[in-house]
Novice: 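Mind looking over this structure? Questions follow.
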Amino acid sequence: MNTQYLKDTQSWVKKQLEASVNFWLKNGIDKENGGVYTCLRRDGSVYSTDKSVWMQGRCAWTFAYLCSVYGVKDEWLAASKSCLEFMEKHCINRDAADRMYFQVTADGRPLRERRYCFSEGFYAIANAEYFGVTGEKEYLERARRAYKLIYELNNGLIRDPNGSGPKVNPETRTGRALADPMIFLNITSVLKRVDPENINEYNKYSKECADAIFNYHFKEDLKCTLETTGLNGEFWSDITAGRVVNPGHDIECSWFLMEYANSIGEEGKQIHENALKMFSYAINAGWDKEYGGLLYFIDCLGNPPESYEHDMKLWWPHNEIMIASMMAYRDTSDISYLEWFDKTLDYCRTYFADDEYGEWYGYLRRDGMPTMPAAKGSTFKGPFHVPRALIMVDKLIDEILEKEVK
């Protein structure tokens, strides 16, 4: 019924993917020092040479994943390895049990560390994906060492080797952050795919992540998923932090959970159903009824959000809608998910995509106009969310069309 729409969409997606990949290969790869620059203006020119460690890992993963999905191209594999080796040489604090930096200079001198272990997470998926493509065991060993460190840090099994304390005084308040189990679930998914020998370990940790998300953060009575809760999932209704909902995060989390649920068969049926609810709650609460697009933060009780950027439209939540809605449509054949996909795609075509220079704008005002001067990259935006979404949507459409033929 929707075959022609899907084929037309897939054609656009493939062109956007090619433009995005070429934008980063042309403008981002540092041929002198290795790694990738991500602070790029609209036309691809560099406006800051400091390097985000998150983006080194994410870029390495993206280009290895391109090889995994579409076949190895020398320039893709070289870009991935450049970022991997830059991280190995410059982004690991060997004096702090291999905790990683958050930001380094162009030539790799350390600038900043953070208490969060997301640098390690993106390092882990990058090395794992590269192993999946090349079969070189060294990269899997790197990934598993980082994976173990993240697990121990997230679960309080070791003290943070870099000396960072909790963000909030633990004697006053101790809570849980949704980002920890949801990102670890995604890291686990990548490792599980490339390293099936350790599938029992990965399934165990995936279950722990899903349980934490649903037991502590997912609130059916509030019709939302909370970013922060008490240790036992308490709803901190009297403070701003306790009421924060990041709709894009929730939608991203929903497809991580759908992916996990699908991997475990019948056992995952309830997880999949709850993931669909998570998607529905987030998109219905977060979609801007006046201007379109997904709001960045909302307060679950309708109070004013504290973050000044709460009503901006950022690229990555819309990428997550594309993946989650198409995945949900593939799994359920429910046309409402395809309608959400189409609505989001129309918004992205209109406001995010840049056919003149390639790649998508990162930061829009509430009305859809880019913040000025317009940026294609930053410390937090690089070759990751846009290409990941386009690759995955391309693959999902293939799977849907194949089902229709059968």
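It should be emphasised that the depicted structure is a prediction, and the values quoted were computed from it without experimental measurement.
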Novice: When you measure from the centre of the six-membered ring of Phe86, is the NZ or CZ of Lys51 closer than 6.0 Å and no more than 45° off the axis?
Specialist: yes
Novice: State whether the side chain of Ser52 and the backbone N or O of Met55 hold a donor-acceptor pair below 3.5 Å, judged by distance alone.
Specialist: yes
Novice: If only atom types and distance count, is the side chain of Ser45 paired as donor or acceptor with the main-chain N or O of Arg41 below 3.5 Å?
Specialist: no
Novice: Between the side chain of Gln10 and the main-chain N/O of Asp394, is any donor-acceptor distance below 3.5 Å?
Specialist: yes
Novice: Should the pair Asp354-Lys376 be classified as a salt bridge under the 4.0 Å nitrogen-to-oxygen rule?
Specialist: yes
Novice: Indicate yes or no for a side-chain donor-acceptor contact from Asn2 to the backbone of Tyr5 under 3.5 Å, with no hydrogens or angles considered.
Specialist: no
Novice: Regarding Lys167 and Tyr116, is there a side-chain donor-to-acceptor distance under 3.5 Å anywhere?
Specialist: yes
Novice: Can you confirm if the NZ or CZ of Lys381 lies within 45° of the ring axis of Trp315 and under 6.0 Å from the centre of its six-membered ring?
Specialist: yes
Novice: Cationic tip of Lys313 within the cone over Tyr296's six-membered ring, i.e. under 6.0 Å and within 45° of the normal?
Specialist: no
Novice: Go through it in stages, so that I can follow the logic: the residues are Glu120 and Arg99, the test is salt bridge (Lys or Arg N to Asp or Glu O under 4.0 Å), and I'd like the CA-CA distance, side-chain angles, deciding distance and then a yes or no.
Specialist: CA-CA 7 Å; Glu120 292 84 355; Arg99 284 300 319 264; 2.6 Å; yes
Novice: Between Thr229 and Glu234, does any side-chain donor sit less than 3.5 Å from a side-chain acceptor?
Specialist: no
Novice: Distance-only, no hydrogens or angles: does the Lys73 side chain make a donor-acceptor pair with backbone N or O of Tyr70 under 3.5 Å?
Specialist: no
Novice: Look at the side chain of Ser82 and the backbone N and O of Gly35, then say whether any donor-acceptor pair between them is shorter than 3.5 Å.
Specialist: yes
Novice: Cut-off 3.5 Å, side chains only: do Asn127 and Glu138 have a donor facing an acceptor?
Specialist: no
Novice: Do the charged groups of Glu259 and Arg193 touch, with an N to O distance under 4.0 Å?
Specialist: no
Novice: So, the side chain of Asn93 versus the backbone of Asp95: is there a donor-acceptor pair under 3.5 Å, distance only?
Specialist: yes
Novice: Measure from NZ or CZ of Arg349 to the centre of the six-membered ring of Trp12, then state whether that distance is under 6.0 Å and the direction lies within 45° of the axis.
Specialist: yes
Novice: Taking Asn155 for its side chain and Tyr151 for its backbone only, find out whether a donor-acceptor pair lies under 3.5 Å.
Specialist: yes
Novice: Are the side chain of Lys14 and the backbone N or O of Thr9 linked by a donor-acceptor pair below 3.5 Å?
Specialist: no
Novice: Please walk me through it: do Arg365 and Asp367 pass salt bridge (Lys or Arg N to Asp or Glu O under 4.0 Å)?
Specialist: CA-CA 5 Å; Arg365 302 182 321 200; Asp367 62 5; 2.8 Å; yes
Novice: Where do Asn246 and Glu227 come nearest, in terms of heavy atoms and distance?
Specialist: CB-OE2, 3.6 Å
Novice: Do the ring planes of Tyr347 and Trp287 sit parallel (below 30°), tilted (30 to 60°) or perpendicular (above 60°)?
Specialist: perpendicular
Novice: Side-chain donor-acceptor pair under 3.5 Å between Tyr202 and Ser189, yes or no?
Specialist: no
Novice: Can you tell if the side chain of Thr225 reaches within under 4.5 Å of the side chain of Val245, non-hydrogen atoms only?
Specialist: no
Novice: Can you confirm whether the side chains of Gln103 and Trp54 place a donor and an acceptor under 3.5 Å from each other?
Specialist: no
Novice: Name the residue from Glu267, Lys192, Glu208 that meets the side-chain hydrogen bond (donor to acceptor under 3.5 Å, both in side chains) definition with Asn203.
Specialist: Lys192
Novice: Look only at the side chain of His272 and the backbone of Ala261, and say whether a donor-acceptor pair between them is shorter than 3.5 Å.
Specialist: no
Novice: Please say which of Phe122, Tyr101, Tyr123 ends up in a side chain to side chain contact (heavy atoms under 4.5 Å, CB included) with Met87.
Specialist: Tyr123
Novice: Is a donor from one side chain sitting under 3.5 angstrom from an acceptor on the other, for Asn27 and Tyr37?
Specialist: no
Novice: Are Arg388 and Trp316 in a cation-pi contact, defined as NZ or CZ under 6.0 Å from the six-membered ring centre and within 45° of the axis?
Specialist: no
Novice: Test salt bridge (Lys or Arg N to Asp or Glu O under 4.0 Å) on Lys148 and Glu152; report intermediate values, then the result.
Specialist: CA-CA 6 Å; Lys148 180 175 182 287; Glu152 291 176 342; 2.7 Å; yes
Novice: Of Asn262, Asp211, Ile264, Ile213, which meets side chain to side chain contact (heavy atoms under 4.5 Å, CB included) against Ile271?
Specialist: Ile264
Novice: Decide whether Tyr361 and Arg42 meet the rule of one side-chain donor and one side-chain acceptor closer than 3.5 Å.
Specialist: yes
Novice: If I compare all heavy atoms of Ala96 with all of Pro161, which pair ends up nearest, and what's the gap?
Specialist: O-CB, 3.2 Å
